[in-house]
Novice: 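The structure is given below, and queries will be raised subsequently.
In what follows, chains carry the letters A, B, and so on, assigned in the order in which the sequence lines appear, proteins first and then strands, with residues in each chain numbered from 1.
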Amino acid sequence: MSPGAPAYYLTTPIYYVNDSPHIGHAYTSLACDVLARFMRLDGHRVHFLTGTDEHGQKVEKAAAAAGRPPKEFVDEVSQRFRALAQTMGYSNDDFIRTTEPRHIEACQQLWQAIKANGHIYLGKYAGWYSVRDEAFYAEDELKPGPGGQKIAPSGAPAEWVEEPSYFFDLSKWQDKLLRFYDENPDFIAPESRRNEVLSFVKGGLQDLSVSRTSFKWGVPVPDDPAHIMYVWLDALTNYITAAGYPDTASETYRSFWPADLHMVGKDIVRFHAVYWPAFLMAAGVAPPKRVFAHGWWTNEGQKISKSLGNVIDPVALVERYGLDQVRYFLLREVPFGNDGDFSHGAMMRRMNAELANDYGNLVQRVLSMINKNCAARMPTPGAYAPADEGLISASERLLPAMRDAMARQQFHVALERHGEVVGAANRYVDEQAPWGLKKTDPKRMETVLYVLAEIIRRLAVLSQPFMPESSAKILDQLGVASNARDFARAFAEGAGLTPGSALPAPTGVFPRFVDPAA
RNA sequence: GGCGGGGUAGCUCAGCGGUAGAGCAGGGGAAUCAUAAUCCCUUGGUCGGGGGUUCAAAUCCCUCCCCCGCUACCA
């Protein structure tokens, strides 16, 4: 990638090490991975970041329960997320851990910048706390219990506690945030989430407690090590840590910050779209360009929960259906941003109808005709007929169409456009009936098969971000050089397939799923 | 309660002032190169209920009924 190429920085949230990796994690990272691959192929210098959030009381307790020092404990459990990245084929450029020195330094520097600007003050954090739930509750959430006790919604007793805490003066940021949203209408997507954030901020903001003294496992507050930084100030900072902060003069920082996109689940929009830009503005750091909040999955129509025991393990899906098939399904099935339902039936329909029957079979029927009728060599085209031109031009319009969809994170639209060209190509095969031309007009047959091979080349180039392995197999079978698969080269003048070049025997790329139960 | 989104064919959804659309599922046919894949045609809806505006309303207004999200400091 040339040094002058435009930079593109995108992030997943850092995943809490105490969780087991599930489909939610896989989904967020997958969306980023596909976008990262797309942008790389489209000539960008991409920095794709993911990682783990390793601090907090729960981790401290879990480590203690396991009888291990916290650091040793997180070294082990964070490995599960790196393994997931491996299994799912993610192309992240960095994997950040909040326990790394670079991150601790960045957090403390950011804290000092915010404090130096007068936005952090020492106060007292007071509230109704339930030890059993490890959570604070608002007055109106509590019910009166026996003996004047306050009872939390969970049924656990709550007690009034006070502890010294540093506060961030979030209450002063309402107007600035609203102006920021107004000036950056694309900052929060989709629209529905933007509305929610706007109404939340318009409703008024309270100062935010940003330190704790009740546990130790976290980033120490500069000049007051009795406090550790609380939750989001620590976690969110990872995005600038990985860009090189506090070294704002570094090449990395100047290229990649502000980030182009923070991909998040809908449950954590507020932290990313309200607190984070406020923290950064308070420190004099530019806020990110965009936050996209995607939806959640249900399992066969059921809400997913640990207690129901219907958590979806992405690794098991990949073993059952195949990596590219799962990648395709997750991004094709649901308008990105909406909630979606994962079901075996839907998975099977997509992978059989759209991948095996439409796309895979298109490739297979064309390659085997070439193999059998053109002596396993790329056919030589004659002059193009209007039908040929029509199909070629449809494939040329596909890149800009997909680029536009990807810029808006509308993965399903990108795949839909791709599928439309697959459909057009299948219709073209039937209309041209090259098997009939074999006897009547072999020159024409060669032209038709060449046009089809060209269309397949472009389709495979464009499906690489979504289905890297399968697309590579197709491009290999067409004899496309591995350095000719980026968009600029693949769509350049004269980038077409070489007539007469020898081709390997075709092998199927998208197997049909046969249900053993059926 | 407040704010926001939604209720359209069996399913998932698009349409948002001009006499109802797509994909899948269902039915019929063509073709036979191919992973029994492909292609063509087709059944199917009083567009949540009621009222109103308009020459004309899924589409605008009013009202009622349902569903979902947000309504702050576990991540």
Side-chain angles (χ1 to χ4, degrees), chain A residues 13-19 52-59 125 127 130 133-138 154 165 167-168 170-171 190-212 230-235 265-271 274-275 293 295-296 301 332-335 338-341 343 345-346 349-350 352-373 412 416 419-420 422-423 425-438 445 448-449 452 506-514:
Chain A
I14 44 175
Y15 303 123
Y16 201 53
V17 279
N18 239 27
D19 291 340
T52 41
D53 179 5
E54 309 189 349
H55 287 138
Q57 193 168 21
K58 281 190 186 171
V59 173
Y125 185 32
S130 158
D133 299 347
E134 292 173 28
F136 280 88
Y137 293 100
S154 62
S165 169
F167 282 82
F168 173 71
L170 186 65
S171 59
E191 196 67 30
S192 53
R193 299 299 159 201
R194 182 183 156 79
N195 290 343
E196 286 176 9
V197 168
L198 252 56
S199 84
F200 174 78
V201 174
K202 281 175 184 163
L205 299 169
Q206 293 172 21
D207 288 355
L208 207 60
S209 163
V210 288
S211 78
R212 281 297 141 88
Y230 195 48
V231 199
W232 288 101
L233 189 54
D234 173 353
K266 64 180 183 179
D267 51 329
I268 55 175
V269 234
R270 185 196 306 145
F271 307 104
V274 181
Y275 301 172
W296 284 4
R332 176 67 187 86
E333 178 70 0
V334 174
N338 292 6
D339 289 348
D341 180 46
S343 71
R349 272 193 292 280
R350 292 279 179 200
N352 284 350
E354 295 175 7
L355 293 180
N357 297 354
D358 291 344
Y359 191 15
N361 184 50
L362 170 70
V363 173
Q364 184 74 1
R365 69 201 298 212
V366 169
L367 289 177
S368 30
M369 279 190 276
I370 291 175
N371 189 57
K372 287 180 191 160
N373 303 313
H412 64 293
E416 211 175 333
E420 282 164 10
V422 170
N426 270 321
R427 278 191 292 282
Y428 173 89
V429 177
D430 281 17
E431 283 158 12
Q432 300 301 319
W435 52 90
L437 293 168
K438 186 177 169 183
M445 177 197 74
V448 167
L449 292 179
L452 283 164
T507 56
V509 173
F510 294 110
R512 158 167 275 275
F513 186 91
V514 182

Novice: In the structure shown, which nucleotide is the Watson-Crick or G-U wobble counterpart of B/rA34, with both distances under 3.5 Å?
Specialist: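 Matched B/rA34 with nothing under the 3.5 Å cut-off.
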Novice: Does B/rC39 have a Watson-Crick or wobble mate here (both distances under 3.5 Å), and if so which one?
Specialist: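 B/rG29 - that is the nucleotide pairing with B/rC39, both distances being under 3.5 Å.
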Novice: Would you measure the distance from the P atom in B/rG45 across to the matching atom in B/rA9 and give it in whole Å?
Specialist: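 These two P atoms come out 10 Å apart once rounded.
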Novice: Do A/N361 and B/rA34 share a donor-acceptor pair, side chain to base, under 3.5 Å?
Specialist: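 Checked by distance alone, the answer is yes.
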Novice: If we take the C1' atom in both B/rG6 and B/rA14, what is their distance in whole Å?
Specialist: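 So the two C1' atoms sit 14 Å from each other.
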Novice: When the C1' atoms of B/rC66 and B/rC24 are compared, how many Å lie between them, rounded to an integer?
Specialist: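 Each nucleotide's C1' atom is 27 Å from the other's.
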Novice: Within the distance-only criterion (no hydrogens, no angle test), does the side chain of A/D341 pair as donor or acceptor with the backbone N or O of A/G301 below 3.5 angstrom?
Specialist: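 At least one qualifying donor-acceptor pair exists.
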Novice: What about A/Y275 and A/W232, are their ring centers closer than 6.0 Å?
Specialist: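 A/Y275 vs A/W232: aromatic centres not under 6.0 Å.
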Novice: Does B/rA58 sit syn or anti, given that only angles within 90° of 0 count as syn?
Specialist: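 That one's syn.
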Novice: Both distances under 3.5 Å, Watson-Crick or G-U wobble: report the partner of B/rG44, or none.
Specialist: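 Across any shown strand, B/rG44 pairs with none.
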Novice: Roughly how far apart, to the nearest Å, are B/rC41 and B/rG49 at atom C1'?
Specialist: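 37 Å, rounded to whole Å.
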Novice: Just name whichever nucleotide pairs with B/rC70, Watson-Crick or G-U, keeping both distances under 3.5 Å, else none.
Specialist: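 Matched B/rC70 with B/rG2 under the 3.5 Å cut-off.
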Novice: How is A/F271 classified with respect to the nucleic acid when contacts are heavy atoms under 4.0 Å: base, sugar-phosphate, or nothing?
Specialist: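 Result for A/F271 = nothing.
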Novice: Need one value for A/S209: base, sugar-phosphate or nothing, where a base atom within 4.0 Å counts as base even if backbone is also close, heavy atoms only.
Specialist: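 Base, at least one base heavy atom under 4.0 Å.
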Novice: Contact class for A/V366 (heavy atom, under 4.0 Å): base, sugar-phosphate, or nothing?
Specialist: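 Nothing, no nucleic acid heavy atom in range.
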Novice: When all nucleic acid strands are considered with a 4.0 Å heavy-atom cut-off, which category describes A/Y16: base, sugar-phosphate, or nothing?
Specialist: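 The residue A/Y16 makes sugar-phosphate contact but no base contact.
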Novice: Which one is paired to B/rC24, where only Watson-Crick or G-U wobble pairs with both distances under 3.5 angstrom count?
Specialist: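 Partner of B/rC24: B/rG10.
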Novice: With a 4.0 Å cut-off on heavy atoms, is A/R512 in touch with a base, just the backbone sugar-phosphate, or nothing at all?
Specialist: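 Touches a base.
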Novice: Does A/G204 reach a base, just sugar-phosphate, or nothing at all? Heavy atoms under 4.0 Å.
Specialist: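 Here A/G204 touches the bases of the nucleic acid.
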Novice: What is the nucleic acid contact for A/Y15, judged by heavy atoms within less than 4.0 Å: base, sugar-phosphate only, or nothing?
Specialist: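 Answer is nothing: A/Y15 stays at 4.0 Å or more from every strand.
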Novice: Using atom C1' in both nucleotides, what's the gap between B/rU8 and B/rC55 to the nearest angstrom?
Specialist: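 After rounding to an integer number of Å, I get 25 Å for this pair.
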Novice: A/D53 near the nucleic acid: base, sugar-phosphate alone, or nothing, with a heavy-atom cut-off under 4.0 Å?
Specialist: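 It contacts sugar-phosphate atoms only.
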Novice: Take atom P in B/rA25 and the same atom in B/rU38, then report the distance between them in whole Å.
Specialist: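 These two P atoms come out 9 Å apart once rounded.
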Novice: NA contact type, A/G360, heavy-atom cut-off 4.0 Å: base, sugar-phosphate, or nothing?
Specialist: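 Result for A/G360 = base.
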Novice: Considering every strand and a 4.0 Å limit on heavy-atom distances, what is the contact class for A/L205: base, sugar-phosphate, or nothing?
Specialist: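 Here A/L205 touches the bases of the nucleic acid.
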